Amino acid sequence: MARLQFAKLVDTRDVRHIASNLRQCDRQELEAVHGPGLDFQDCLRTAVLASEECYVLVTPDGEPVALFGLAPVSLLGGLGCPWLLGTDAFMDYPRDIVVLGKRMVRKWSERYDQLFNYVDARNLRSIAWLQHIGFLVFEAQPYGLNGEPFRRFERCA
């Protein structure tokens, strides 16, 4: 099976394509945090701009299927916030997702004492992936605009 490729250069076409084809679980998660009626393209642009590192994952035929990055929360406190948003096609590459996830977590853990973020408690597949690549995932707690159940995940260097 052909492998996903990743590039550091993210352009507006990548953002537009991924926002238009965002996985339902990612749409639900963003709306639970920020409220309904979001412009997903705007959300992705904001995430890209807030990140010190951002990458696009593309299929062997060049289709962008995910954006991911790391946003600094506190350089002094050594806190980084990893994120990933993708299309349904992204899930067609489970081995690549695990290998890439482990590689990026190792890399980012060299610069940050702690990596953390929150995942929608309904997103069981992402929770399993996060655990598989080395994150501790905590019990659900209210989070976001309406206090929906989210699970904090973290990894300490």
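Positions are given from 1, in the same order as the sequence printed here. On a predicted model such as this, the values are computed, not experimentally measured, just so you know.
- The main-chain N or O of Q41 is found under 3.5 Å from a side-chain atom of D39 such that the two form a donor-acceptor pair.
- No donor-acceptor pair closer than 3.5 Å links the side chain of D14 to the backbone N or O of V56.
- A donor-acceptor contact closer than 3.5 angstrom links the side chains of Y55 and E53.
- Ring centers of Y118 and F150: at least 6.0 Å apart, outside the cut-off.
- Side-chain contact check for P94 versus H132: every heavy-atom pair is 4.5 Å or farther apart.
- With sequence neighbours excluded, the residues that form a side chain to side chain contact (heavy atoms under 4.5 Å, CB included) with A121 are A140, P149, R151.
- Within the 4.5 Å cutoff, the side chain of N21 has no heavy atoms near those of the E63 side chain.
- Within the 4.5 Å cutoff, side-chain heavy atoms of F90 are placed close to those of L4.
- Between the side chain of E29 and the main chain of D120, a donor-acceptor pair closer than 3.5 Å is present.
- Side chain of R27 to main chain of L22: a donor-acceptor pair is present (N/O by atom type, distance under 3.5 Å, no hydrogens or angles).
- Side chains of R155 and Y112 form no contact here, defined as non-hydrogen atoms less than 4.5 Å apart.
- A donor-acceptor distance shorter than 3.5 angstrom exists from the side chain of N117 to the backbone of P82, with no hydrogens or angles considered.
- Between the side chain of W108 and the backbone N or O of L70 there is no donor-acceptor pair closer than 3.5 Å.
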